[in-house]
Amino acid sequence: MVNYKDILETIDMVEREHLDIRTVTMGISLLPCIRATAEETARCVYDTVCKKAENLVKVAGDLSAEYGIPIVNKRVSVTPASLICAPFADRAPLIGKALDDAAKNLGIDFLGGYSALVHKGMADYERTFISSIPEVLASTERLCSSVNVGSSKSGINMDAVGLMGRIIRETASATAQRDGFGCAKLVVFCNAVEDNPFMAGAFHGVGESGTVINVGVSGPGVVQHAIEAIPDADISDLAEMIKRTAFKITRAGQLIAKEAAERLGAEFGIVDLSLAPTPARGDSVAQILEEMGLECVGTHGTTACLAMLNDAVKKGGVMASSRVGGLSGAFIPVSEDIGMIEAAEKGVLCLDKLEAMTAVCSVGLDMIAVPGDTTADTISAIIADEAAIGMINNKTTAVRIIPAPGKKVGDQVNFGGLLGRAPVMPVHNQSANKFIRRGGLIPAPIHSNKN
Amino acid sequence: MRAVVTVVGKDKTGIIAKIATFLAEREVNILDISQTIMDEYFTMIMMVDLSHATAELAVLAEESRQLGEKIGMSIHIQHENIFNAMHSV
């Protein structure tokens with residue numbers, strides 16, 4: 001039998017330190033739904049998602065009650081929709097609506113997979129599909145979109161990078177009434193993963209099986225508390241403590257994932273070892289870094305602290321789970337982390353420092369608000385920088401950036417709920433137009449030639 | 001199936017009696033009890049057997065939460081596997 005100290009520790013983690021399972025995400029293949037017409041395909045997409053995930057919310061609720069661990073989000077990811085829409089790309093919004101309707105029917109907050117993979121080249125149908133993203137994100141509530149523009153194996157598709165700068169601006173304009181909210185549901189990736197359970201970037205890769213359960217764990221508060229308990233420890237002891245804590249958190253995720261997969265008749269996919277913050281105080285990755293000894297996140301030393309944290313979380317998590325995947329690392333979404341928000345408001349945390357931080361953790365420049373008059377080319381250049389970090393370092397990087405319509409540096413955008421609020425951060429005003437407009441492909445790096 | 005009941009809160013008379021009655025009414029068998037007072041706080045952990053329980057674990061968890069609110073204690077019933085998973089290699 002487990003000893004009583006451990007039992008009380010688990011209770012404390014949930015009650016006081018915000019331990020939770022951040023998301024149980026069901027990945028569903030939509031490839032069998034492709035029909036001759038858009039209408040028939042949309043109907044089949046809706047029926048398939050509703051049928052396969054019909055018990056998702058109920059099972060997650062039961063598991064949460066039985067094991068006494070909150071499961072915050074129940075979500076669905078699907079095959080990249082550009083593939084499903086290939087024969088009728090100009091009608092893609094119909095598929096988007098069917099997916100959004102299915103999400104509403106299931107009672108889940110987000111459904112991911114209005115996505116395209118164009119890391120090496122862009123077919124005409126993909127270009128048409130991507131052009132529909134602003135309209136679709138403006139007219140749907142729960143649908144999330146992502147576009148993969150580069151990979152370590154193929155290089156960076158600069159035509160797609162250029163296009164995505166414009167698409168992000170159009171998405172912001174189309175949702176201007178809500179501070180550009182559409183952009184919070186749109187991620188531009190390099191090295192996108194096929195089994196990511198986290199939104200907004202989740203999609204169900206074509207290499208996956210029919211129906212899969214992927215689980216994302218969380219627990220910045222638990223890690224922060226563990227570090228607080230050893231205030232005078234040296235860095236190796238801190239790393240050890242983080243590893244042990246990550247192990248416990250991940251074991252909870254593994255148990256829920258296996259149990260959920262069995263009850264839902266799906267395969268167990270992966271556990272994503274992530275420290276995902278929320279805007280609640282005490283559930284912040286920034287506060288962990290500050291607990292390590294930084295006066296404010298964003299100052300010198302931040303990258304080193306984050307590198308150690310990210311690595312220790314992985315080491316503890318890998319030992320705890322039979323299958324690890326997804327993004328697996330510390331997330332640093334600015335608007336979703338109270339410590340990041342405050343540091344950005346003080347001007348300590350800037351875009352350049354965030355970019356450096358993304359080189360040592362997952363995932364990238366996430367939930368960052370920039371002035372509404374930021375040009376499409378500048379946004380593309382930010383994407384290109386981030387994609388380059390991903391490509392060279394063989395890791396996933398992403399950009400989820402909101403050029404907030406009508407807002408300038410010092411203003412704030414507020415999306416509410418888990419998406420939080422973000423201070424508008426300054427960007428460099430010097431142009432990268434000529435670079436972005438060259439187009440073409442940044443060739444794959446030399447270390448991609450491993451065959 | 002076995003579950004762990006934890007009860008934490010300010011000490012007062014009759015806590016064990018109330019919890020034991022609640023469990024007995026639902027045919028939940030107590031296998032092991034440990035109880036102590038830490039800094040004036042009552043802390044009790046029970047291992048219970050649910051094989052003859054008259055309600056599902058999820059229902060018991062909700063009912064025990066309500067009982068906890070009524071008597072001013074924090075009460076949880078959780079499947080024992082969560083503790084086994086988190087605290088053993």
Side-chain angles (χ1 to χ4, degrees), chain A residues 1-17 19-21 55 57-71 215 217 219 222 226 243-260 262-263 271 315-322, chain B residues 1-10 19 26 28-51 53 55-69 72-89:
Chain A
M1 190 178 147
V2 191
N3 82 48
Y4 291 157
K5 197 171 130 272
D6 291 341
I7 290 176
L8 292 175
E9 184 187 41
T10 298
I11 304 277
D12 259 0
M13 282 181 181
V14 174
E15 297 243 302
R16 289 214 280 270
E17 299 161 15
L19 171 65
D20 55 46
I21 305 295
N55 292 322
V57 172
K58 180 178 182 308
V59 165
D62 287 349
L63 289 173
S64 179
E66 288 170 27
Y67 291 98
I69 300 249
I71 298 175
V215 163
V217 297
V222 182
K243 256 165 67 181
R244 292 159 64 112
T245 310
F247 175 86
K248 293 175 190 169
I249 297 171
T250 310
R251 290 286 278 207
Q254 163 92 3
L255 177 68
I256 297 287
K258 287 208 119 164
E259 197 62 35
E262 196 182 317
R263 292 191 196 184
V271 177
K315 285 174 178 159
V318 162
M319 171 84 178
S321 173
S322 55
Chain B
M1 187 196 351
R2 301 201 310 180
V4 174
V5 181
T6 49
V7 184
V8 181
K10 208 151 173 53
I19 309 272
R26 288 156 184 80
V28 176
N29 189 28
I30 300 170
L31 304 173
D32 188 45
I33 300 186
S34 160
Q35 185 256 303
T36 183
I37 306 291
M38 289 196 296
D39 307 326
E40 292 182 29
Y41 273 84
F42 175 96
T43 307
M44 177 166 72
I45 296 170
M46 288 173 166
M47 180 62 78
V48 297
D49 179 12
L50 301 181
S51 33
E56 297 278 324
L57 176 52
V59 176
L60 290 175
E62 175 56 23
E63 286 178 350
S64 62
R65 192 190 60 77
Q66 288 169 5
L67 172 68
E69 272 181 13
M73 308 291 287
S74 164
I75 308 179
H76 296 269
I77 299 189
Q78 291 159 272
H79 198 299
E80 69 164 335
N81 282 357
I82 189 73
F83 304 104
N84 292 333
M86 287 179 72
H87 299 284
S88 58
V89 179

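Side chains are part of it too, since the values below use all heavy atoms of this structure and drop only hydrogens, waters and symmetry mates. All chains are named by letter (A, B, ...) in the order of the sequence lines, taking the proteins before the strands, and each is independently numbered beginning at 1.
To the nearest 0.5 Å, atom OG1 of residue B:Thr6 and atom OH of residue A:Tyr4 are 11.5 Å apart. Here the NE2-CG distance, from B:His79 to A:Leu63, works out to 10.0 Å after rounding to the nearest 0.5 Å. Going from atom CD1 of A:Ile11 over to atom CZ of B:Phe83 covers 4.5 Å, rounded to the nearest 0.5 Å. Rounding to the nearest 0.5 Å places CD1 of A:Ile7 at 12.5 Å from NE2 of B:His76. The distance from the NE2 atom of B:His87 to the OG1 atom of A:Thr10 is 2.5 Å, given to the nearest 0.5 Å.
In this structure, the portion of B:Met38 lying under 4.5 Å from any heavy atom of chain A is its side chain and not its backbone. Proximity to chain B is absent for every atom of A:Glu259, based on heavy atoms less than 4.5 angstrom apart. Residue contact with chain A, scored on non-hydrogen atoms closer than 4.5 Å, involves the side chain of B:Val8 exclusively. B:Leu60 does not touch chain A: none of its heavy atoms, backbone or side chain, sits under 4.5 Å away.
Across all non-hydrogen atoms, the minimal contact from A:Leu255 to B:Ile82 is CD2-CA, 3.6 Å. Smallest separation of non-hydrogen atoms from B:Ala58 and A:Ala65: CB-CB, 3.7 Å. For the pair A:Glu15 and B:Ser74, the tightest heavy-atom approach, listed with the atom from each and the gap, is OE1-OG, 3.6 Å.
Listed by chain and residue number, A:Gln254 satisfy the side-chain hydrogen bond (donor to acceptor under 3.5 Å, both in side chains) test with A:Ser321 (two or more places apart in sequence, or in another chain).
Under a cut-off of 6.0 angstrom, the local environment of CD in B:Glu40 is sparse, with at most 12 non-hydrogen atoms contributed by other residues, nucleotides or ligands. Under a cut-off of 6.0 angstrom, the local environment of CD in B:Glu62 is crowded, with over 12 non-hydrogen atoms contributed by other residues, nucleotides or ligands.
The choice from A:Asp62, A:Leu8, A:Ile249 that makes the most heavy-atom pairs within less than 4.5 Å of chain B is A:Leu8. Of all the listed residues (B:Ser88, B:Ala61, B:Ala85), the one sharing the greatest number of non-hydrogen pairs under 4.5 Å with chain A is B:Ala85.
Contact of the A:Val14 side chain with the B:Gln78 side chain is not registered, since no non-hydrogen atoms from C-beta on lie closer than 4.5 Å. Within the 4.5 Å cutoff, side-chain heavy atoms of A:Leu19 are placed close to those of B:Met86.
When atom types are taken as modelled, the side chain of A:Arg251 and the backbone of B:Asn84 share no donor-acceptor pair closer than 3.5 angstrom.
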